[in-house]
Every structure is written in C-alpha cells, then in structure tokens.
Student: 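Please read through the structure below; I'll follow up with questions.
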Amino acid sequence: MSFEKRNITCGELRIEDEGKEVILNGWIDSRRDLGGLIFFDLRDRYGLTQLVIHPEKRADLADKAKDIRQEFVIWAKGIVMKRESPNPNMPTGLIEVEISDFGVINKAKLPPFEVEDDIETNEETRLKYRFIDLRRPVIQKNFIIRNKMYQVVHRYFAENNFIEIETPVLMKSTPEGARDFLVPSRINKNRFYALPQSPQVYKQLLMVSGFDRYMQIVKCFRDEDLRSDRQPEFTQVDLEMSFADREDIISLLEGFIKELWKEILDIDIDAPFKRMTYNEAMTRFGSDKPDLRFGMEIKTVSENLKSCGFKVFSGAIESNGEVALINAKGCAGYSRKQIDGLTEFAKKYGAKGLAWIKLVDGKVNSPIAKFLSDDELNSIITAAEAVDGDLILISSDSWTRTYTILGALRLEIARQTGIMDKIKSDFSFSWVVDFPLLEYDEESERYIAMHHPFTMPKTDDIELMENEPEKVRANAYDLVINGAEVGGGSIRIHDNEIQEKMFSLLGMSKEEAEDKFGFLLNALQYGAPPHGGLALGLDRLVMILSGIDNIRDVIAFPKTTSGLSLMDGCPSYVDTKQLEELSIALIKKEEE
RNA sequence: GGGGUCGUAGCUCAGCCUGGUUAGAGCGCCAGUCUGUCACACUGGAGGUCGCGAGUUCAAGUCCCGUCGGCCCCGCCA
C-alpha cells in the first residue's frame, strides 16, 4: 500500500507554521463529525494534531472520511491553518491542518479499550492487548523516562572511566540465593545452564582481569514469586570498581543519582545522603529500607517493663525480645473494628497480638492498663510522646519481629491517615550500612549470607568469624529511596582464604565450595585487587521517577503475578519431539 | 506453600447477602441529523457462554464444591 511519507510529526506544529503545506502520518485518535464540518485528531508518539475537512469545499474528502474509524493508520496532506476556536489544552491547539488529500494506510479493528490516559480497564485486558495499551501517552511517558535513564547511565559512567562489558546470559547454576531459571541444551544432555540472577561473579572476575571499572545495563532473572514491584526478569545497572572502598562507591553513586534527578525531573537534590546502620534503621523505622519522608519513629520501652505484670511483655523481654511502640497521632478515635483490622494486619507479619493505649479526654483507655503500674504506663506514654487523642500501638516479640511488625504498622497508619498522600511527591535518599554478614536460616539449619557469599566482612569483625559469626557485620550498603531498596552493594572478598572461610561458615564443605565456586577461588589466587560495587534496580528507579507503584507499567512486555505473559501465552507447553531432543521427560504429563 | 479480593455487554460496573417475569446502567459501537468541535450534541438501534465444570433445587448470575485467570499481601526474593 502506498502512502505519502510524513515530513513532520503530530506534536510539533505551532502558530508560526501557519500557511505551510505538511504531510502527517499517524493513528486516528478521535473523530468528530459535525455534519458540515469534520475533525480528526491524529496521534503519534509526539502528540496530537487536529485535522479538518470542510465538506462544502471538498465533498470528495468528506465522503472518504465517512469510513475512517478510530486507530486507523492514515496519511494526510494539508495546509497549516490558524484555528477559529483554539484549544489551550493542546500544545498544537492554536493550529489545525486543513486536509487537501489523505488516505488510509491500514485499517484497524475496534480496539478492546480506548487509547486514552484515564481509562480504567482491567489489567488482564490491557496485558493481552499490550501493543494497544502501549499506545497510551501515559504509558509511553514511562518508556521515555526509562530511555533517558539509559542515556544518563551510559554518559555518567563513561565520564567516570567505566567500560561496559557484556557477561553471559547462559551461565552456571548457583545454588545460593534465589531459584535459578534453568536452560537445557541439545548438545549437552542432562546438563543445564542457568540464567543469571546477577552477573556478580563475572564482574568480580573482570576485576581480577584488570578492567578496573566495569558497568553494564543487564537483564537478571529469578524464579521466585512475583509482586507489584517484582518481575522474574528485571534490569539492573550493574557496576564494579577496583582499588575502591565503600566511600568511593557511595560518592560515585550519589553523583549519579543527583544527575539522574536533575536530568529527568530537573530537581536538585542534596548529597551526601543520610546514613544509617542496619541496626538503627530497624530500631527506629522497623525496616532495612526505611521511608524517611515522615516520622512516626519506633520507641523501644523494654527497659522499663522488664518486671511488669503483663506477661506478654515481660516474657518477651526475658527471652531476649523487645517491647516497642509507635504513636499513631490523632488516632484515638479508632473504633474497635479498626483496631482489630490493625491487629489482623500485624498478624501477617507474625504478630500474635497487638497491644494498644488510647489517650482520650485526659484518660487512659487500654485493655492492658490493668496489668501495668502507673509508673510503667507513664513511661510508655512518655516514650511515645503521646498526647490526648493519640493511639499507641505496642508490639512485643523477638527483636526482628517486634521491629518488623511496627515498621509495617508505621507504613499502614501513614496510608490510612493520609500521610502517604501528602508526601507522595517528596523524595528521601539514604544509605543503610553495616548489615549483618549472616542470618540463621531455621529451615536449612545453617547460616546464609544476608547479602551474598562474596561480601567482605567489616575489617574489625573478621576475627569474630571464628566464634561469633552472627555478630559479624558486612561491608555492605543499600541505597534506599522513599522506602524502596533501589540498590545494593558491598566490598567483595578478594582474599582466597577469607572466601573459603565464608563458604565454610555457610555450611559448605571444601569439596562443595570447590565444585560450586572453584573457578572463583582459583581466580582469587592470581592477583585479585580489592574491589567492590553495586547493582541498581533500574525498573524500580523508573517507577520512582515516574511516580508509579506498579513495575508492570515500566516494562514493555511484563508477566502477570503468576509469571504468565497474557499476550503471547508464555510459558507454553512444548512438543514431545523438542523434549526428546533435550532428553527431558516430564514427571507429570499435562493433559492435551 | 498460605491468605485476601475480583471475574456479568467491546470497556467500567450494578444485580449475588435474602434463588423466581424478558439480566440492567454509563461509556463505547452502528445508523441518521448537525458549520467550530476537541468527553461534540441530539434521535434511534444493535450488542450477553453471567470465566469454565460439576452439584443442590421445581427453578441458579445468585447457594455449595472444584477449576482457570487477574490484582494485593505473607512466606520466598543471596
């Protein structure tokens, strides 16, 4: 089908262009046929331009226009005219193009939903027709931001002497950490590649090779359950530096984030960012990714309640737990039902119950008041800095659980009381540092690496590895923006012996370590420089910059929460022949 | 692995608790009218596997069970 090729886009004509002859190509956004006057809005990625036909002058065009429907792809030639009734809401609203000739390039079926910004279509339908959904300007905006981010990344890190190197997508399966996606192959039967959860080991090897500063915008894969901010394949800005310490990496990243915010949002942000240890983040905000845009900090009150008459509290303290609280300002009016709702919410995080104290009309209203002395009660109220009208929520459990529960409640109260709405266009940037190196995993009855097994312990703590491994802090750091973990990094182990020690702490025998990571241990013996780095979640950064709370809206072709692609129907069953070639037998053959 | 919630016209939803006439509304769509619209307006019309399956019942969109799918959360995500 022939068409006249455009010489201008739909977003750029202005009043200065009056009188020009132009050719436009695009999609019919809408048509308004007034009988004696026909309007079309023509859309492309750059914007909208109004086309007009005067039937009294051009009956032939009016006739042709009768068959034009929304989302048809057309070309139109005409003269740029000043509008009789301009539309101040459109960038091109002062002009219109009076058509002298046009043609249909391609017809379109009626789309299942309209190509508009404020539609409320089920996401299921949107994902099935993703190619139409992606026409919506609101969605396209996210990909324009995303593209700008690629450019800032490449420019900033190139200016800082980083070089981009591609690492394998088919790699060795690593048993530590998230579940791998496995890839069989015809040539090597019974063996499997894995898709990378991260190029971690490769980038460390690149440091051994002397590349000094590496970066890559890279896809990573994890076969774990999905969430509104988690997809099985996602993009990281991955980087690694040699002869660098934590401060080098942190200040480099602060420079990057500054530039990103300036470039994309034209906002100047202050650096250095706040710093907080893991311990502080947990005890003040109940999270290792604290949202610092508002207060409502957690207060620990264990000290005053050691011997209190409320067994839930004293018992928790006795078994090395804590009693802590948050003050839900102005929430004393919460009904029994609302508080029950909060209790249910807390239970999702492992709470057995939730104690509360209301301060109403100068009186204390609380089911636990009768178990506490006046001094104990007052010490709680004082710690909470509570005044009349406040609701104090108290949690007592193990250390981790107490703070995690209160951290979740803090966010929930902020949502319920409108604090979240107030702060939604604010930004807070911080580093959480000094994570524990290890955490004990009840299920496998061993220590597992909190960050990853290549993380360097803090120098002062290395000697603790022998006898008190749970006390060892890692030289690791997370970049947290608005309560989201946007990046995580660490100084890596470059010493073969420490790395072996680490593997053995994780319960790996020498043979096992050799089998799984022998190539790394080997490389560390051939002149490994001290090095460290970080990986940024690019999708999450785009989400924050575009103010979107759903990762699917910043990924062109995302999966649903059950890992399906509704548009192309993957994952799909495969032919028996294909399986035979790979020597794969299915344990349970699906019907059909 | 677990919990919550949703699935009815092309789209968004009401109806379901308390089973009973021909399953409704708005938007969109189709036809007609209309010379300044831009959410065009007005008149008329078409449009349904109530996700799927099985059950209870004289009777199921509605009740029970199963199943598929969307979303959110816990676990999980080094």
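The chains referred to below are lettered A, B, ... by the order of the sequence lines, with proteins before strands, and numbering in each begins at 1.
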Student: Base, sugar-phosphate, or nothing: which does A/E96 touch, judged by heavy atoms less than 4.0 Å apart?
Tutor: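 Base, at least one base atom sits under 4.0 Å.
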Student: Base, sugar-phosphate, or nothing for A/S30, non-hydrogen atoms under 4.0 angstrom?
Tutor: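 Counting heavy atoms under 4.0 Å across all strands, no contact is made by A/S30.
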Student: Going by atom types alone, do A/S562 and A/T560 pair a side-chain donor with an acceptor below 3.5 Å?
Tutor: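 Their side chains do contain a donor-acceptor pair, which is all the 3.5 Å distance test asks for.
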Student: Can you say whether a donor on the side chain of A/R230 sits under 3.5 Å from an acceptor on the base of B/rC77, or the other way round?
Tutor: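 It does, because a donor-acceptor pair links the side chain of A/R230 to the base of B/rC77 below 3.5 Å.
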Student: Take atom P in B/rC50 and the same atom in B/rU8, then report the distance between them in whole Å.
Tutor: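 11 Å, rounded to whole Å.
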Student: So what does A/Q50 hit on the nucleic acid, given a heavy-atom distance under 4.0 Å: a base, only sugar-phosphate, or nothing?
Tutor: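 It contacts base atoms.
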Student: Between A/S198 and A/Q236, do the side chains contain a donor N or O and an acceptor N or O under 3.5 Å apart?
Tutor: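 On atom types as modelled, these side chains do not qualify, holding no pair under 3.5 Å.
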Student: Test: ring-ring contact (aromatic ring centres under 6.0 Å, His included). Region: residues 31-64 of chain A. Which pairs qualify, not counting sequence neighbours?
Tutor: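 Non-adjacent pairs meeting ring-ring contact (aromatic ring centres under 6.0 Å, His included): zero.
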Student: Strictly below 4.0 Å, heavy-atom distances to any atom of RNA chain B: list the hits from residues 84-91 of chain A, or just say none.
Tutor: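 The answer is A/E84, A/S85, A/P86, A/N87, A/M90.
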Student: Over all strands shown, is A/E114 touching base, sugar-phosphate only, or nothing at heavy-atom distances under 4.0 angstrom?
Tutor: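 Answer is sugar-phosphate: A/E114 comes under 4.0 Å of backbone atoms only.
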Student: Please determine whether a side-chain nitrogen or oxygen atom of A/Q70 lies at a distance below 4.0 Å from atom OP1 or OP2 of B/rC29.
Tutor: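 Yes, because at least one side-chain N or O of A/Q70 sits under 4.0 Å from OP1 or OP2 of B/rC29.
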Student: Could you check which nucleotide pairs with B/rG66 in any of the strands shown, counting Watson-Crick or G-U wobble with both distances under 3.5 Å?
Tutor: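 Looking at the geometry, B/rG66 pairs with B/rC52.
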Student: Return the stacking result for B/rC11 and A/F113: yes when the ring centres lie under 5.5 Å apart and the planes under 30°, no otherwise.
Tutor: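 A/F113 ring does not meet the centre or angle cut-off for B/rC11; no stack.
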Student: For A/R227, which contact category applies under a 4.0 Å heavy-atom criterion: base, sugar-phosphate, or nothing?
Tutor: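 Base, at least one base atom sits under 4.0 Å.
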Student: Angle class for the A/Y349/A/F345 ring planes (parallel below 30°, perpendicular above 60°, tilted otherwise)?
Tutor: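 Aromatic pair A/Y349/A/F345 classed tilted.
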